[in-house]
Number of protein chains: 2
Amino acid sequence: MTSRPAVVPAPAAIPDRLSPVDGLAQLSFLVYGTLERLAAEHDLSIVQTRLLGVLRDRKPTMNQLAKLLGLDKSSVTGLVDRAQRRGLVARVPSTADRRAVLVNLTDDGRSLVSQVSTRFEAEVSTMLGLLPSRDRQALSRIMSRLLAAHAADEGVDLFADLDAG
Amino acid sequence: MTSRPAVVPAPAAIPDRLSPVDGLAQLSFLVYGTLERLAAEHDLSIVQTRLLGVLRDRKPTMNQLAKLLGLDKSSVTGLVDRAQRRGLVARVPSTADRRAVLVNLTDDGRSLVSQVSTRFEAEVSTMLGLLPSRDRQALSRIMSRLLAAHAADEGVDLFADLDAG
DNA sequence: TATTGTTATACTCTATAACTATA
DNA sequence: TATAGTTATAGAGTATAACAATA
């Protein structure tokens with residue numbers, strides 16, 4: 001029962017005890033902003049970082065990429081264009097379907113996303129290091145539980161196939 | 001010690017136990033995405049929602065607004081233009097400084113941000129409701145602790161004045 | 001006919017630089 | 001001179017609609 005739900009976390013106002021919703025909102029903005037800042041150090045936007053991120057263990061078609069990123073295929077064309085211009089990804093014609101184009105991470109792209117990823121991991125770890133070890137463990141356990149419960153609640157199919165649909 | 005730090009939370013891959021960093025990252029994307037989706041239902045972007053959010057308890061100048069949102073003043077001009085065109089905010093000339101312009105929430109703007117805020121609160125509460133009550137309390141406590149520790153670590157001045165600097 | 005990807009177009013969001021009006 | 005705000009311009013990111021090539 002928060003009287004003023006914080007859509008925008010007020011950075012300078014952190015009372016002793018936040019409501020769960022406010023705490024989650026502020027923490028989410030903090031983590032999201034951290035990734036944004038670290039990516040920007042490498043001239044990457046969040047969406048460019050996500051693009052490289054999903055390509056780390058996939059070589060999807062443009063269409064599959066659109067589904068993975070939740071974007072229209074025309075948006076992905078521009079996104080990949082700009083990443084390709086920087087030499088971070090490559091387009092490879094599909095041999096199986098001559099309409100299709102496979103998108104690949106280049107070595108430069110892989111190196112870049114690894115750097116951002118490592119920096120992010122380090123920064124968040126440092127932040128979590130501010131907590132007593134027991135809290136950190138409890139937080140980890142509860143967050144896993146929450147994500148699992150939410151996934152189940154949304155009916156997420158853990159074996160959903162990219163090619164399906 | 002995660003072998004593959006998740007810059008991009010893979011939505012379909014939620015193992016039993018996430019590393020604290022991965023859990024935090026995935027949870028943050030989930031909460032951020034929730035706000036984005038709810039705002040979009042009212043044709044608001046995240047940044048427009050933030051704009052309305054910071055105006056709920058302030059009537060800042062354009063300059064102060066730029067600092068609050070972390071944007072260049074020219075970006076804020078456009079942001080406020082579009083919100084004003086929709087009747088969500090109003091520009092009021094400052095009487096104290098005839099160069100300055102104060103930005104106000106209109107009744108429509110206040111109503112809209114309240115709706116989004118309420119929906120967000122409800123949605124996140126529902127998600128948190130998936131947790132046992134004890135976990136929810138522990139999560140709340142730990143998140144508050146983490147945010148406070150981080151703020152202290154960053155040397156945040158809780159009494160920072162808008163007009164200062 | 002249906003699907004894959006691109007192009008044309010329009011809009012939001014962002015920043016830099018130049019400008020006007022005030023201080 | 002310095003500050004507040006706008007404008008001009010450029011670019012990223014997004015979507016819709018229309019299109020060409022292939023299935």
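Each chain gets a letter, A, B and so on, in the order its sequence line appears, and its residues count up from 1. Atoms considered below: every heavy atom in the structure, side chains included; atoms not considered: hydrogens, waters and symmetry mates.
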Distance check needed: [N] [atom2] versus [X] [atom1], whole Å only.
{"X": "A/Arg86", "N": "D/dG11", "atom1": "CZ", "atom2": "P", "answer": "15 Å"}
{"X": "B/Leu44", "N": "C/dC13", "atom1": "CG", "atom2": "C1'", "answer": "14 Å"}
{"X": "A/Arg82", "N": "D/dA10", "atom1": "CZ", "atom2": "C1'", "answer": "13 Å"}
{"X": "A/Asp72", "N": "D/dG13", "atom1": "CG", "atom2": "C1'", "answer": "12 Å"}
{"X": "B/Leu88", "N": "C/dT12", "atom1": "CG", "atom2": "P", "answer": "13 Å"}
{"X": "B/Gln48", "N": "C/dT14", "atom1": "CD", "atom2": "P", "answer": "9 Å"}
{"X": "A/Leu102", "N": "C/dG5", "atom1": "CG", "atom2": "C1'", "answer": "12 Å"}
{"X": "B/Lys73", "N": "D/dT7", "atom1": "NZ", "atom2": "P", "answer": "13 Å"}

Between [options], which nucleotide gets closest to the side-chain atoms of [X]?
{"X": "A/Arg85", "options": "C/dG5, D/dA12, C/dC13", "answer": "D/dA12"}
{"X": "A/Ser75", "options": "D/dA4, D/dT7, D/dA15", "answer": "D/dA15"}
{"X": "B/Arg99", "options": "C/dT7, D/dA12, C/dT22", "answer": "C/dT22"}
{"X": "B/Met62", "options": "D/dG5, C/dA23, D/dT14", "answer": "D/dG5"}

Is the shortest side-chain N/O distance from A/Arg91 to OP1 or OP2 of C/dT6 below 4.0 Å?
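A/Arg91 to C/dT6 OP1/OP2: side-chain N or O found under 4.0 Å.
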Under 4.0 Å, heavy atoms only, any strand: does [X] hit a base, just the sugar-phosphate, or nothing?
{"X": "B/Asn63", "answer": "sugar-phosphate"}
{"X": "A/Thr77", "answer": "base"}
{"X": "B/Ser94", "answer": "nothing"}

Could you say whether B/Val101 or A/Leu79 is positioned toward the 5' end of DNA chain D, judged by the nucleotide with the nearest heavy atom to each?
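Between the two, 5'-proximity favours B/Val101.
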Hey, mind stepping through B/Leu35 and A/Phe29 against side-chain contact (heavy atoms from CB on, under 4.5 Å) and telling me if it holds?
CA-CA 11 Å; B/Leu35 179 55; A/Phe29 271 79; 3.6 Å; yes
